[in-house]
Amino acid sequence: MLQVNEIRERFDHACEGLKKRNLKNPESLLHQVLELDDQRKQIQLERDGLQAESNALARQIGQLMKAGEKEAAEKTKERTAAIKSQVKILEEDYITTEKSLTQLLYTIPNVPHHTVPAGKTAEDNEEILQNGELPDLEPDYKLPHWDLIKKYDIVDFELGVKITGAGFPVYKGKGAKLQRALINFFLDEAEKAGYDEVQPPVLINEESGYATGQLPDKEGQMYLATEDGLYLIPTAEVPITNMYRNDMLSEADLPKKNVGYTPCFRREAGNWGAHVRGLNRLHQFDKVEIVQITHPDHSYQTLEAMSLHVQGLLQKLELPYRVLRLCGGDMGFTAALTYDMEVFSAAQERWLEVSSVSNFETYQSNRLKLRFKNENKKTVLAHTLNGSALALPRIVAALLENNQSKKGIKMPEVLIPYLGFEWIS
RNA sequence: AGAGGAGUGGCAGAGUGGUCGAUUGCGGCGGUCUUGAAAACCGUUGUACCGCGAGGUACCGGGGGUUCGAAUCCCUCCUCCUCUGCCA
């Protein structure tokens, strides 16, 4: 969530930014925030003053008791009773005011970076580069991946339906090996780039969900194990970033770089329709995620580096891709700047999003209470960033479609050591 | 899952109703000494919020309660350890 002090100090900047997200009247929203915060301070001032008085009286009573002056002590007790009931009222006020403030802040998305274009939908995203030639498939070998997986029997949706339901495919044979190869390839590449590998839990508690911003925004999109109140992760971003919740790092610890492979679970309620056939959208899928915790001065440099890392993966996989800078309307609630990487899927003739790399600045760290001591020993919120590197299913879709021919499907060179085969045929 | 024990500052570990935000040791930081280091000695060393400041308030696993006053008593939840049971 946004920092109240930031809103106070850079009110116009915040308003302008939020307008790029198509918020109707950010001024009144942010004014409400400041008013609530002023109220909060006012109440604290009163409450603390009374509490101080009460504490002083309590000490007096103690001394009177010791001195054996019971009557004077009893008299003083009467005075504290009145103060106590007042403090209680003020305390309740304080809590409700603070709660409303937090609730309000939860409804306000992150302020976009100045380079974020205004816009409403994906149409308004800005393409910043495109790389690689779009394959020109022969008409006889231009099958969409959902036909290819049947042809070569490498992914079985019906079997998944039997076991679980729609959107939970079973990968078989070379299909399963391809999954494993991609995961290992992505992890190895991240490790070469200096990321420390972790394997986090795939269930998270409510607190973690709030800290990275999935709650209270996306509860409907996460699977919930009601018996224990735990959510299945929609992305490894949640558990990995939450490793640093409530941490006080030192400047020398930064940057923190982690990579983790996890399955991801998304209910995708209301998201089904055209264009979601086959591997394009699933309830369970595999993803390797990179996360960085950085000094605020370096986070945008880091974002570029992460973007280049992801692009490097796509280049090595020989997939044509483009990079988009998301517009205010299309960007996630918590991000300040997001790059989407899309690969071209040659049979579908569509661009498929395979990665999203974002800088959250202090939006997450404010909730996480993820701070560090800077060189002047001042406590500062760190910046958090994350990106997919990469999500598997659409990569698989593009690899299958783009590399098909009479002989079968040719695997990219970099994967062959991981796969132990060159062709799916 | 059952029985028992325990959760205190970066770590270790005192404190069982009244100047306790908390003794002490280690670690960290600053200094004295030294060519430099070690040792020794001296000082310092939690977080958040409020206040121009002096300073105040809160926090001893989380939440609630008793009391004029709670780290200390009560309730509840969580976590860890030991034993028993079960199990990939």
Side-chain angles (χ1 to χ4, degrees), chain A residues 1-9 33-105 163 199-211 215 225-231 239 242-254 256 263 362 364-382:
Chain A
M1 66 189 163
L2 295 177
Q3 301 175 76
V4 177
N5 287 341
E6 276 287 311
I7 295 173
R8 204 178 285 283
E9 281 162 31
V33 168
L34 296 185
E35 266 172 46
L36 278 170
D37 191 50
D38 287 340
Q39 256 179 59
R40 194 198 104 244
K41 287 180 184 178
Q42 188 54 41
I43 296 166
Q44 181 176 350
L45 208 61
E46 276 185 62
R47 183 201 63 186
D48 285 2
L50 283 170
Q51 190 60 252
E53 201 177 323
S54 165
N55 287 347
L57 288 174
R59 251 170 272 147
Q60 270 182 37
I61 292 169
Q63 281 173 352
L64 289 170
M65 298 286 250
K66 254 185 202 167
E69 299 180 40
K70 277 193 182 166
E71 273 183 36
E74 287 303 322
K75 258 195 171 172
T76 313
K77 274 192 198 179
E78 282 168 29
R79 283 167 58 201
T80 55
I83 295 175
K84 206 183 154 188
S85 64
Q86 266 189 74
V87 168
K88 199 174 176 187
I89 292 165
L90 286 169
E91 180 64 20
E92 279 163 14
D93 273 7
Y94 186 87
I95 290 167
T96 51
T97 308
E98 198 180 35
K99 256 189 199 158
S100 347
L101 177 58
T102 308
Q103 288 301 329
L104 185 60
L105 285 169
I163 302 166
Q199 201 173 83
V202 297
L203 276 83
I204 51 140
N205 57 31
E206 202 177 47
E207 212 178 336
S208 293
Y210 274 98
L215 297 173
T226 50
E227 184 83 11
D228 298 289
L230 299 174
Y231 293 89
N242 268 283
M243 296 195 307
Y244 299 99
R245 174 147 48 88
N246 290 329
D247 269 12
M248 178 71 79
L249 304 169
S250 69
E251 189 162 344
D253 295 331
L254 300 175
K256 291 279 186 187
T362 60
Q364 288 183 328
S365 59
N366 190 27
R367 284 200 211 177
L368 285 158
K369 294 206 186 76
L370 165 51
R371 301 149 301 168
F372 70 96
K373 293 262 191 213
N374 70 11
E375 11 175 55
N376 306 321
K377 298 197 172 173
K378 236 189 110 185
T379 304
V380 183
L381 290 173

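Only a predicted model underlies this, so the values are computations on that prediction, with no experimental measurement involved. Just so it is clear: chains get the letters A, B, ... in the order the sequence lines come, proteins before strands, and each one is counted from 1.
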Considering heavy-atom distances to RNA chain B, does A:N5 or A:L57 have its closest nucleotide positioned more toward the 5' end? A:N5
Tell me the stems RNA chain B sits in, counting at least three consecutive Watson-Crick or G-U wobble pairs, each under 3.5 Å on both distances. B:1-7 with B:78-84, B:10-12 with B:24-26, B:27-32 with B:40-45, B:46-50 with B:55-59, B:61-65 with B:73-77
Considering residues at least two apart in sequence or located in another chain, which fulfil the side chain to side chain contact (heavy atoms under 4.5 Å, CB included) criterion with A:T76? A:L57, A:Q60, A:I61, A:L64
Between A:Q63 and A:K77, the residue closer to the 5' end of RNA chain B by nearest nucleotide is A:Q63
Those residues that, when tested against A:A82, pass side chain to side chain contact (heavy atoms under 4.5 Å, CB included) (two or more places apart): none
Would you sort out whether A:I204 and A:L230 count as a side chain to side chain contact (heavy atoms under 4.5 Å, CB included), showing the intermediate values? CA-CA 5 Å; A:I204 51 140; A:L230 299 174; over 6 Å; no
NA contact type, A:K75, heavy-atom cut-off 4.0 Å: base, sugar-phosphate, or nothing? nothing
Using a heavy-atom cut-off of 4.0 Å across all strands, would you classify A:Q44 as base, sugar-phosphate, or nothing? base
Residues at least two apart in sequence or cross-chain that pass side chain to side chain contact (heavy atoms under 4.5 Å, CB included) with A:T102, listed by chain then number, are A:M1, A:Y106
Does atom CD of A:E251 have more than 12 heavy-atom neighbours, drawn from other residues, nucleotides or ligands, at distances under 6.0 Å? yes
Earliest and latest nucleotide of RNA chain B, 5' to 3', sitting under 4.0 Å from a non-hydrogen atom of chain A? B:rG18 to B:rG69
Which whole number of Å gives the distance between the P atom of B:rG56 and that of B:rU8? 28 Å
Could you tell me how far B:rC83 sits from B:rA88 if I compare only their C1' atoms? Round to whole Å. 23 Å
Could you give the distance separating B:rA40 and B:rA12 at their C1' atoms, to the nearest angstrom? 23 Å
So what does A:I61 touch, heavy atoms closer than 4.0 Å: a base, only the sugar-phosphate, or nothing? base
One pair to check against side chain to side chain contact (heavy atoms under 4.5 Å, CB included): A:F372 and A:D253. What are the steps and the verdict? CA-CA 9 Å; A:F372 70 96; A:D253 295 331; over 6 Å; no
Quick check: does any side chain N or O of A:D247 sit under 3.5 Å from a backbone N or O of A:L370, one acting as donor and the other as acceptor? no
Rounding to the closest angstrom, what is the interatomic distance between B:rG63 and B:rU45 at atom C1'? 31 Å
Roughly how far apart, to the nearest Å, are B:rA22 and B:rU16 at atom C1'? 14 Å
Which value, in whole Å, describes the distance between the C1' atoms of nucleotides B:rU19 and B:rG5? 34 Å
B:rC60 to B:rG53 separation - C1' atoms, rounded to the nearest Å: 30 Å
Regarding A:S54, tell me which of base, sugar-phosphate or nothing describes its non-hydrogen contacts under 4.0 Å with the strands shown. nothing
Expected output: side-chain A:R367 to main-chain A:Y210 donor-acceptor under 3.5 Å: yes
Please measure how far the P atom in B:rG64 lies from the corresponding atom in B:rA71, and state the result in whole Å. 15 Å
Side chain to side chain contact (heavy atoms under 4.5 Å, CB included) partners of A:Q63, counting only residues at least two apart: none
Any base atoms under 4.0 Å from A:R79, or only sugar-phosphate, or nothing? Heavy atoms, all strands. nothing
Are A:Y231 and A:L203 close enough, and set up right, to give a side chain to side chain contact (heavy atoms under 4.5 Å, CB included), and what steps lead you there? CA-CA 5 Å; A:Y231 293 89; A:L203 276 83; over 6 Å; no
